[in-house]
Amino acid sequence: MRESKNYLQDLNPAQREAVETLYGPLLVIAGAGSGKTKTLVCRMAHLVEKGIPPEKILLLTFTRRAAKEMIERASLLLKRDFHKVTGGTFHSLCHTMLRQYGTLIGYSPNFTLLDRTDAEDLFNLLKTSLGLSDNKKRFPKKDTLANLYSKTLNQEKSLEELLDSEYPQFLEFLPEIQRLFVEYKIYKKEHQLMDYDDLLLNWLEILKNYPQIRDEMGKRFHFIMVDEYQDTNTLQGEIIKYMASTHQNVMVVGDDSQSIYRFRGANYRNIFDFPKIFPQTKIIKLEQNYRSTQPILDLANVIIANSKIKYTKTLFTLKKEGAKPVLFRAKDEAETSKFVVDKILELREKGIKLSQIAVLFRSAYHSYELEVELAKRGIPFVKYGGLKLLESAHIKDLLAFLKIILNPRDFLSWNRVLLLMEGIGPRTAEKIIQTLKREALPTSLNRILGLSPSHELKRWLELYTTIKPYEEESPSEILQKIWYFYEPLFQRIYSEDYHRRVKDLEGLFSLVLKYKSLDEFVSDLLLEPLEITELEGETLDEDPLILSTIHSAKGLEWHTVFILSLIEGRFPSLYSLKNTDDLEEERRLFYVAVTRAREKLFLLSPLMVYLPGEGKTFAKPSRFLTELPKTLYEEVNYTTPEEKSSHIKPVTENYMNTHYSTELSSTSSFKIGDFVKHPHFGEGEVLEVMGEKIKVNFISKGPTILHLKYTQLERLL
DNA sequence: CCGTACAATGTTTTT
DNA sequence: CATTGTACGG
């Protein structure tokens with residue numbers, strides 16, 4: 001009780017009201033940077049302080065990482081253990097519950113989870129077996145099918161409506177596609193498979209049909225908190241409705257202007273529907289921004305004011321001072337990359353940690369050129385978004401082995417595994433699977449070996465029948481055994497880029513050590529897919545720079561933010577141009593990107609860009625840029641270091657940065673033993689000169705390596 | 001029936 | 001431009 005004063009007094013009145021409203025439905029509309037996370041953390045702490053056991057709290061967030069961080073922060077706040085709080089995503093909650101209660105609707109506890117590509121593979125399989133891929137050349141492809149299927153569920157539209165609006169060329173196949181979807185559902189149920197959508201759907205079905213489960217949930221989770229509510233869909237809204245039906249103690253937090261998951265069925269209107277589901281809802285708005293400076297916020301407010309829909313709030317800040325956002329229009333992407341890297345090095349010299357700087361972009365591939373430049377200049381970085389480790393073929397192979405160990409009826413994974421073996425193609429694989437369906441292993445062993453003379457098949461089946469996942473063997477031991485078998489096939493299949501791929505696997509081997517059950521390992525990989533760079537970069541000696549898609553940057557903030565490729569067709573994306581709603585979402589995406597910045601914001605918009613199909617073309621600046629008043633940003637010119645010594649000339653007279661306007665230090669002018677002065681680190685002695693780099697022992701900071709190109713050092717006599 | 005060599009195709013964001 | 005489908009030879 002004594003401690004409570006401290007954290008409650010740190011809150012503004014609105015935040016405090018949200019924290020102190022413990023019972024009943026509560027909707028918090030929280031603008032970007034308005035202390036949303038802080039409010040959630042404090043409320044969680046407050047609940048516990050009022051005597052609520054942590055295990056009665058359910059915290060739903062957008063990523064599991066976010067939940068973990070909040071629980072950590074609450075623990076620190078009260079110096080108590082909050083680890084019994086159940087925290088995670090909707091999908092992970094549903095997954096856990098279905099492992100426990102799935103039997104009610106005919107699912108065994110060891111059902112298999114399908115990721116996106118698994119689902120696509122299944123569509124392909126069914127497409128072939130229904131004879132839909134034979135002569136009709138224009139029948140939709142597997143990824144289109146999976147996409148359509150998911151949309152019918154998440155956006156609650158009929159297949160016909162969706163086809164009409166998005167794929168009119170496939171309308172003629174409506175009956176075939178419908179039949180395919182029915183088959184897809186049947187197949188999943190028969191083989192104990194669930195895709196991502198099934199997790200929500202099936203759990204909702206149980207909640208709807210079993211009042212006793214609702215009661216049980218009410219007792220188990222007496223307080224529910226949901227973060228990022230603007231990015232939930234109707235299905236998730238309904239899950240909340242049932243989970244909280246007995247007590248109504250549910251708080252949701254969201255920002256309608258930051259809704260960026262429409263393609264996944266999220267609708268910002270969900271926020272406004274919340275009071276309809278829970279008529280007693282109390283609404284609180286958080287409008288004070290604690291993150292960004294006024295110039296950044298001004299830009300953000302204009303972006304959202306330009307949108308067609310009226311949003312609920314205008315942000316204000318007390319951080320009045322600050323540099324205007326900078327726009328740089330490079331001649332091409334190469335020049336953009338150089339500018340960004342130069343600026344980053346400059347910031348680092350000023351003492352900003354690389355991990356406090358982020359480069360954001362609409363699509364993962366937009367950063368390729370920059371990544372090359374960063375590697376060349378030796379700047380460590382991690383990238384979020386884009387290709388997931390799980391999506392690479394070799395990881396999927398290993399996972400397929402694990403999946404059939406856990407669920408022998410997962411014939412989709414059996415199919416993948418069998419096709420890896422030399423001498424086994426689609427037909428033989430199909431025959432083997434038919435045999436397995438009639439008669440399980442090990443009884444059918446000899447019959448199956450009779451179908452193919454493949455040595456690899458024989459070796460695998462022998463190994464397979466000896467592995468016992470639920471008994472004494474650890475996940476790591478099992479993975480080792482599989483690797484022992486798989487390695488020769490791996491070398492044969494991926495002979496060209498063996499070395500690149502084997503690196504990923506090493507990461508996987510070290511990750512598996514943390515798990516005590518194989519089941520948990522596999523579902524975790526599917527529910528929170530690992531980023532490729534998350535496994536590679538353990539040995540970095542410096543906090544790395546962040547590269548991220550805007551979607552993956554949600555909820556985070558940095559000292560400086562760069563936004564890449566503000567070009568029509570890239571941002572806004574080509575696919576959003578036809579449809580106003582999609583375009584509006586792109587605008588919100590830009591808003592999200594801008595509001596990630598605390599102090600400095602750089603907007604990049606190259607004049608020429610590589611567009612798929614037509615090579616290098618002139619780029620049209622993004623409409624999001626052209627609709628901004630010029631007074632809100634500074635446009636700069638820039639010459640790359642090769643052409644001249646690194647030099648920026650301000651276009652307008654009050655350009656924020658004086659750094660480039662002074663002459664730069666020349667490489668030759670320093671020797672060991674010189675005394676020098678740095679504008680931010682103060683005085684120091686030169687210890688070593690290494691080409692373009694110099695090592696200086698600063699009085700304030702100790703020995704530091706500087707890049708002469710980007711530093712202005714003054715020699716003292 | 002398998003594996004490979006060649007042609008075509010559309011190319012975002014994620015649990 | 002890299003993945004995905006098709007044609008053909010072994």
J.: What is the distance, rounded to the nearest whole Å, between atom CG of A:Leu583 and atom C1' of B:dT12?
T.: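 Atom CG in A:Leu583 sits about 14 Å away from atom C1' in B:dT12.
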
J.: Looking only at the side chain of A:His551 (C-beta and beyond, no hydrogens), which of the listed nucleotides B:dC2, B:dT15, B:dT14 gets closest?
T.: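 Of the options given, the side chain of A:His551 lies nearest B:dT14.
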
J.: Regarding B:dT13, can its base be found pairing with the side chain of A:Arg362 as donor and acceptor, where the two atoms are less than 3.5 Å apart?
T.: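 Answer is yes: a donor-acceptor pair is held.
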
J.: Could you check A:Leu526 against A:Ile424 and say which one's nearest nucleotide on DNA chain B is further toward the 5' end?
T.: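 Upstream on the strand: A:Ile424.
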
J.: Given B:dC2, B:dT12, B:dT14, identify the nucleotide with an atom nearest to the side chain of A:Ser573.
T.: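 Closest of the options to the side chain of A:Ser573: B:dT12.
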
J.: Among B:dC2, B:dC1, C:dG5, which nucleotide has an atom closest to any side-chain atom of A:Lys431?
T.: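 Output: B:dC1.
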
J.: Please tell me which of the listed nucleotides, B:dG3, C:dG5, B:dC2, lies nearest to the side chain of A:Lys141?
T.: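 For A:Lys141, the side-chain atoms sit closest to C:dG5.
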
J.: Rounded to the nearest 0.5 Å, what separation is found between the CZ atom of A:Phe62 and the NZ atom of A:Lys554?
T.: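 Output value for this atom pair is 4.5 Å.
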
J.: Whole-Å distance between B:dT15 P and A:Leu114 CG?
T.: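 So the two atoms are 17 Å apart, to the nearest Å.
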
J.: Starting from C1' on B:dT14, measure out to CZ on A:Arg262 and report it in whole angstrom.
T.: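 That distance rounds to 16 Å.
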
J.: Is a side-chain donor-acceptor pair under 3.5 Å present for A:Asp195 with A:Tyr184?
T.: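 Checked: A:Tyr184/A:Asp195 side chains pair up, N/O donor to acceptor below 3.5 Å.
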
J.: Between B:dT9 atom C1' and A:Tyr167 atom OH, what is the distance in whole Å?
T.: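 Taking atom C1' of B:dT9 as the reference, OH of A:Tyr167 is at 14 Å.
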
J.: In whole angstroms, how far is the P atom of B:dT13 from the CZ atom of A:Phe62?
T.: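 Spelled out: CZ on A:Phe62 to P on B:dT13 is 14 Å.
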
J.: What is the distance, to the nearest angstrom, from the CG atom on A:Asn154 to the C1' atom on B:dT15?
T.: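 So the CG-C1' distance, A:Asn154 to B:dT15, works out to 10 Å.
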
J.: Using a 4.0 Å heavy-atom cut-off, does A:Phe90 contact any base of the nucleic acid, only the sugar-phosphate backbone, or nothing at all?
T.: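 Counting heavy atoms under 4.0 Å across all strands, no contact is made by A:Phe90.
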
J.: Under the 5.5 Å and 30° test, is A:Phe263 stacked on the base of B:dT13?
T.: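 Base of B:dT13: stacked against A:Phe263.
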
J.: Can you tell me the distance, in whole Å, between the CG atom of A:Leu419 and the P atom of B:dT4?
T.: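 In whole Å, B:dT4 P lies 14 Å from A:Leu419 CG.
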
J.: Measure from the side-chain heavy atoms of A:Ser363 and tell me the nearest of B:dT14, B:dT13, C:dG5.
T.: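 That would be B:dT13.
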
J.: Taking atom types as modelled and ignoring hydrogens, do the side chains of A:Asn233 and A:Asn154 form a donor-acceptor contact shorter than 3.5 angstrom?
T.: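 Side chains of A:Asn233 and A:Asn154: pair found under 3.5 Å.
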
J.: Nearest of B:dT13, B:dC2, B:dT15 to any side-chain atom of A:Thr549?
T.: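 Looking only at heavy atoms from C-beta outward on A:Thr549, the closest nucleotide is B:dT13.
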
J.: When the C1' atoms of C:dG5 and B:dT12 are compared, how many Å lie between them, rounded to an integer?
T.: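 Per the computed distance, 23 Å lies between those C1' atoms.
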
J.: Kindly indicate whether a cation-pi arrangement holds for A:Arg65 with A:Tyr384, taking the cut-offs as under 6.0 Å to the six-membered ring centre and within 45° of the axis.
T.: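 The answer is yes, since A:Arg65 meets both limits relative to A:Tyr384.
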
J.: Under 4.0 Å between a side-chain nitrogen and a carboxylate oxygen: does that hold for A:Glu161 and A:Lys151?
T.: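 Judged by the 4.0 Å cut-off on N to carboxylate O distance, A:Glu161 and A:Lys151 do not form a salt bridge.
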
J.: Choosing from B:dC1, B:dG3, B:dT14, which nucleotide comes nearest the side chain of A:Arg427?
T.: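 So the nucleotide nearest the side chain must be B:dC1.
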
J.: Please give the distance between the P atoms of C:dT4 and B:dT13 as a whole number of Å.
T.: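 Those two atoms are separated by 15 Å.
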
J.: Would A:Arg116 and A:Glu120 pass as an ion pair if we require N to O under 4.0 Å?
T.: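 Salt bridge present between A:Arg116 and A:Glu120.
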
J.: Is A:Ser552 close enough to B:dT14 that one of its side-chain N or O atoms is under 4.0 Å from OP1 or OP2 there?
T.: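 Yes, because at least one side-chain N or O of A:Ser552 sits under 4.0 Å from OP1 or OP2 of B:dT14.
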
J.: Would you kindly compare A:Met421 and A:Asp143 by the position of their nearest DNA chain B nucleotide and give the one closer to the 5′ end?
T.: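 Whichever sits nearer the 5' end wins; that is A:Met421.
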
J.: Whole-Å distance between B:dG10 C1' and A:Tyr365 OH?
T.: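 Computing the A:Tyr365:OH to B:dG10:C1' distance gives 12 Å.
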
J.: Hey, does A:Glu422 reach any base, or is it just sugar-phosphate, or nothing, if we go heavy atoms under 4.0 Å?
T.: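 It contacts sugar-phosphate atoms only.
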
